[in-house]
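Working notes for the structure below.
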Number of protein chains: 2
Amino acid sequence: MLDATVHRQLLREASLRVTAPRLAVLRAVDEHPHADTATIIAAVREQLAGVSHQAVYNVLAALTEARLLRRIQPPGSTARFESRVGDNHHHVVCRSCGAIADVDCAVGKAPCLIASDDHGFAVDEAEVIYWGLCPGCAAVQRTP
Amino acid sequence: MLDATVHRQLLREASLRVTAPRLAVLRAVDEHPHADTATIIAAVREQLAGVSHQAVYNVLAALTEARLLRRIQPPGSTARFESRVGDNHHHVVCRSCGAIADVDCAVGKAPCLIASDDHGFAVDEAEVIYWGLCPGCAAVQRTP
DNA sequence: AGGACTTACTTGATCCATTCAAGAGAAGTG
DNA sequence: CACTTCTCTTGAATGGATCAAGTAAGTCCT
């Protein structure tokens, strides 16, 4: 609610029409960082019943294209989205339950790492995924 | 062919039965680094016609579990596999055509990076994906 | 405000990588 | 060589994501 005007402004600045589904998606992703598509659809429908899943997919694609959202997809998981963009931060992912947390990038702007040999590729970003166990899953493994 | 005895030995050491489909998959992945599942299935069938796709999926899962193969899955792509394991190297991926190349890790053993704040996660690996354009796609973009 | 134009959403079907399930077949063991 | 267990084949099902066509809504301009 508080951010609705901010969200409108973000959409305008990206030359995107302001629609109820888009505002609902922006709010849902704000409130559920790193959520998968199914979770986002459910959260959107709590605000706005009857939104089609196709609309949510369209909106997520459009907002990702416009760099208002960032799409992350750890191997073995479905697509997830976050609204924190522009600071080139990274993620730590739990191998057991799939939980995701943000990790600040020490450099802050991409690419934060330089490849030892880039094979002639024009590299513009270095994405880092830290793999491990979240505190909860680590505790379960120690005392099974 | 040359490596068949090596492959047999690798399977034995992993307590896996030596079967024709498994040898064919190991060879196919050796010869097609970073190939997706469809490519691997085709390559396997060139050596051994009539292998079911299910068998290839089973073998890939078993060999990945046994750490004889490594599964990589850049967002937006289907699963890919490589036989280079154990040296914690990274990858550079072309945003345009999906081409993948290896990038040696300066450290060599995981985790090669330390998170600024790991949120209590027990991190055992830092996976790095360098994003950019391969030489071919970069050339096309400059002269469209 | 109202109309025209453009973009977005709904509905319903479809795709395709991957997985599930059950029975036939082959690898390893003594 | 026969037994046990794991692996492969066959065929179907799952589910995230996408495609297509028609309707609805946002934006611009007068």
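Proteins get letters first, then strands, A, B, ... in listed order; numbering begins at 1 in each. As the structure is a prediction and not an experimental result, all values here were calculated from the model.
- Residues B:Gln54 and A:Thr19 both approach DNA chain C. Their nearest nucleotides, taken by heavy-atom distance, put A:Thr19 toward the 5′ side.
- Distances were taken from every side-chain heavy atom of B:Ser52 (C-beta onward) to each of C:dT18, D:dT10, C:dT10; the shortest belongs to D:dT10.
- A salt bridge between A:Asp87 and A:Arg70 is absent, with no side-chain N of the basic residue lying under 4.0 Å from a carboxylate O of the acidic one.
- Heavy-atom nearest nucleotides on DNA chain D were determined for B:Arg17 and for B:Ala20, and the one closer to the 5' end corresponds to B:Arg17.
- Note: OH (A:Tyr57) to P (C:dG12) measures 19 Å, nearest angstrom.
- Candidate nucleotides D:dC8, D:dA17, C:dT10 were compared by shortest atom distance to the side chain of A:Asn58, and C:dT10 ranks first.
- Nucleotide D:dC8 holds its P atom 10 Å from the CG atom of B:Leu11, rounded to whole Å.
- At whole-Å resolution of the value, CD in A:Gln73 and C1' in C:dT18 are 14 Å apart.
- Of all heavy-atom pairs spanning A:Cys94 and A:Cys134, the tightest one is SG-N, 3.3 Å.
- Distance CZ (A:Arg12) to P (C:dA8): 13 Å, rounded to an integer number of Å.
- For A:Phe81 and D:dG16, the CZ to P distance is 13 Å, given to the nearest whole Å.
- As rounded to whole Å, 14 Å separates atom P of D:dT7 from atom CG of B:Leu60.
- The CZ atom of A:Arg8 sits 16 Å away from the P atom of D:dA25 (whole-angstrom rounding).
- Using a 4.0 Å heavy-atom cutoff across all strands shown, A:Thr78 reaches sugar-phosphate atoms only and no base atom.
- Shown here for B:Leu11 and B:Leu63, the closest heavy-atom pair between the two residues is CD2-CD2, 3.6 Å.
- The nearest heavy atom of DNA chain C to B:Leu16 and to A:Ser15 marks one nucleotide each, and the one closer to the 5' end goes with A:Ser15.
- With A:Arg22 as reference, A:Arg17 is the one residue of A:Arg27, A:Arg8, A:His7, A:Arg17 to meet the side-chain contact (heavy atoms from CB on, under 4.5 Å) rule.
- Counting non-hydrogen atoms under 4.0 angstrom, B:Ala62 reaches nothing in the nucleic acid.
- Of all non-hydrogen atoms in B:Ala24 and B:Gln47, the two that sit nearest each other are O-NE2, 3.1 Å.
- Rounded to whole angstrom, the span from the NE2 atom of A:His53 across to the P atom of C:dG12 amounts to 12 Å.
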